[in-house]
Amino acid sequence: MTRFLIASALIGALMTTTAAAREQYQCIVQDFIGFSDDMAFKASNKRKTFDLTIDKDEIIALSKSQDFDDSEKHYRIHERDLLDTIALGKEVTSGLDSLVLPSNPEDRIDRKGHFNATIALQSSFYLNTWLLRCTR
């Protein structure tokens, strides 16, 4: 019984450590740029919100919208440099899907109250870009 309790405590501690290592942020769309002249499409994209969950090797972006189906995208962290964390979409079937945010978002929030991030979806015939404003 003692071994079971110790094992349960260790598993609980590991799960708590893993959960604590994940950073979570809520983002609004500050601006949206796309090649479409469809103003309703642009307005719909500006109303989206994003929940970002950042892990050691991955960023999960949950897109919420009253105009589109909610969606979840997984981005593999490609590079972390002095200024930025660059992540590339894992499930891209064509083109390029990228998410870029500061290397230390918590520091930006502590100094400015928020941080900016961008999501870009690019193909040979379009480029859609969301400028996000994110907080805890």
Please report the interatomic distance [atom1]([X]) to [atom2]([Y]), rounded to the nearest 0.5 Å.
| X | Y | atom1 | atom2 | result |
| --- | --- | --- | --- | --- |
| Thr118 | Gln30 | OG1 | CD | 12.0 Å |
| Glu79 | Ile86 | CD | CD1 | 4.5 Å |
| Thr53 | Arg22 | OG1 | CZ | 5.5 Å |

Using salt bridge (Lys or Arg N to Asp or Glu O under 4.0 Å) as the criterion, list what pairs up with Asp31, not counting sequence neighbours.
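Counting only residues at least two positions away or on another chain, Asp31 forms a salt bridge (Lys or Arg N to Asp or Glu O under 4.0 Å) with Lys46.
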Are Ile77 and Leu121 joined in one hydrophobic group, where the rule is that I, L, V, M, F, W and Y side chains link up if heavy atoms are under 4.5 Å apart?
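Same cluster.
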If hydrophobic clusters are built by linking Ile, Leu, Val, Met, Phe, Trp and Tyr wherever their side-chain heavy atoms come under 4.5 Å apart, do Phe32 and Phe125 end up in the same one?
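Per the 4.5 Å side-chain linkage, Phe32 and Phe125 are co-clustered.
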Which pairs with one or both residues in [range] pass disulfide (SG to SG under 2.5 Å), sequence neighbours excluded?
| range | value |
| --- | --- |
| residues 57-89 | none |
| residues 40-72 | none |
| residues 57-120 | none |

Provide the closest heavy-atom pair for [X] versus [Y] in the form atom of the first, atom of the second, distance.
| X | Y | value |
| --- | --- | --- |
| Pro105 | Glu23 | CG-OE1, 3.8 Å |
| Phe115 | Arg108 | CB-CB, 3.7 Å |
| Lys48 | Val29 | O-CG2, 3.3 Å |

Contacts under 3.5 angstrom, residues 126-135 side chains, donor-acceptor by atom type, not counting sequence neighbours:
| from | atom 1 | to | atom 2 | distance (Å) |
| --- | --- | --- | --- | --- |
| Trp130 | NE1 | Asn45 | OD1 | 3.1 |
| Arg133 | NH2 | His114 | ND1 | 3.3 |

Would you check if the side chain of Lys42 reaches a backbone N or O of Ser36 as a donor-acceptor pair within less than 3.5 Å?
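Flag set: sc Lys42 to bb Ser36 pair under 3.5 Å.
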ring-ring contact (aromatic ring centres under 6.0 Å, His included) contacts touching residues 77-112 (sequence neighbours left out)
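Passing the test, one end in residues 77-112: no pairs.
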Would you confirm whether the ring centroid of Tyr25 sits within less than 6.0 angstrom of the ring centroid of Phe50?
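Not under 6.0 Å, so no.
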Go through the structure and list residues passing side-chain contact (heavy atoms from CB on, under 4.5 Å) with Asp110, not counting sequence neighbours.
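Applying side-chain contact (heavy atoms from CB on, under 4.5 Å) to Asp110 gives Arg136.
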Tell me, please, which residues at least two apart from Asp51 pass side-chain contact (heavy atoms from CB on, under 4.5 Å).
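So Asp51 forms a side-chain contact (heavy atoms from CB on, under 4.5 Å) with Gln26, Leu62, Lys64.
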Who else is in the cluster with Leu82 when I, L, V, M, F, W and Y are joined by side-chain contacts under 4.5 Å?
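Traced through the cluster, Leu82 reaches no other member.
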Return the set of residues passing side chain to side chain donor-acceptor pair (under 3.5 Å) with Glu58 (not counting sequence neighbours), or none when no residue passes.
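Listed in chain order: His74, Lys90.
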Run the side-chain donor-acceptor check on residues 94-103: report pairs under 3.5 Å with partners two or more places apart or on a different chain.
| from | atom 1 | to | atom 2 | distance (Å) |
| --- | --- | --- | --- | --- |
| Asp97 | OD1 | Tyr75 | OH | 3.0 |
| Asp97 | OD2 | Lys73 | NZ | 3.2 |
| Asp97 | OD2 | Tyr75 | OH | 3.4 |
| Ser103 | OG | Asp81 | O | 2.5 |
| Ser103 | OG | Asp84 | N | 3.2 |
| Ser103 | OG | Asp84 | O | 3.0 |

Under the rule for ring pair (Phe, Tyr, Trp, His ring centres under 6.0 Å), what residues qualify as partners of Phe68, not counting sequence neighbours?
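Residues passing ring pair (Phe, Tyr, Trp, His ring centres under 6.0 Å) with Phe68: none at all.
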List the steps and the verdict of salt bridge (Lys or Arg N to Asp or Glu O under 4.0 Å) for Arg47 and Asp67.
CA-CA 8 Å; Arg47 285 192 292 269; Asp67 305 295; 3.0 Å; yes
Other residues, nucleotides, ligands: >12 heavy atoms within 6.0 Å of Asp38 CG:
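Result for CG/Asp38: enclosed.
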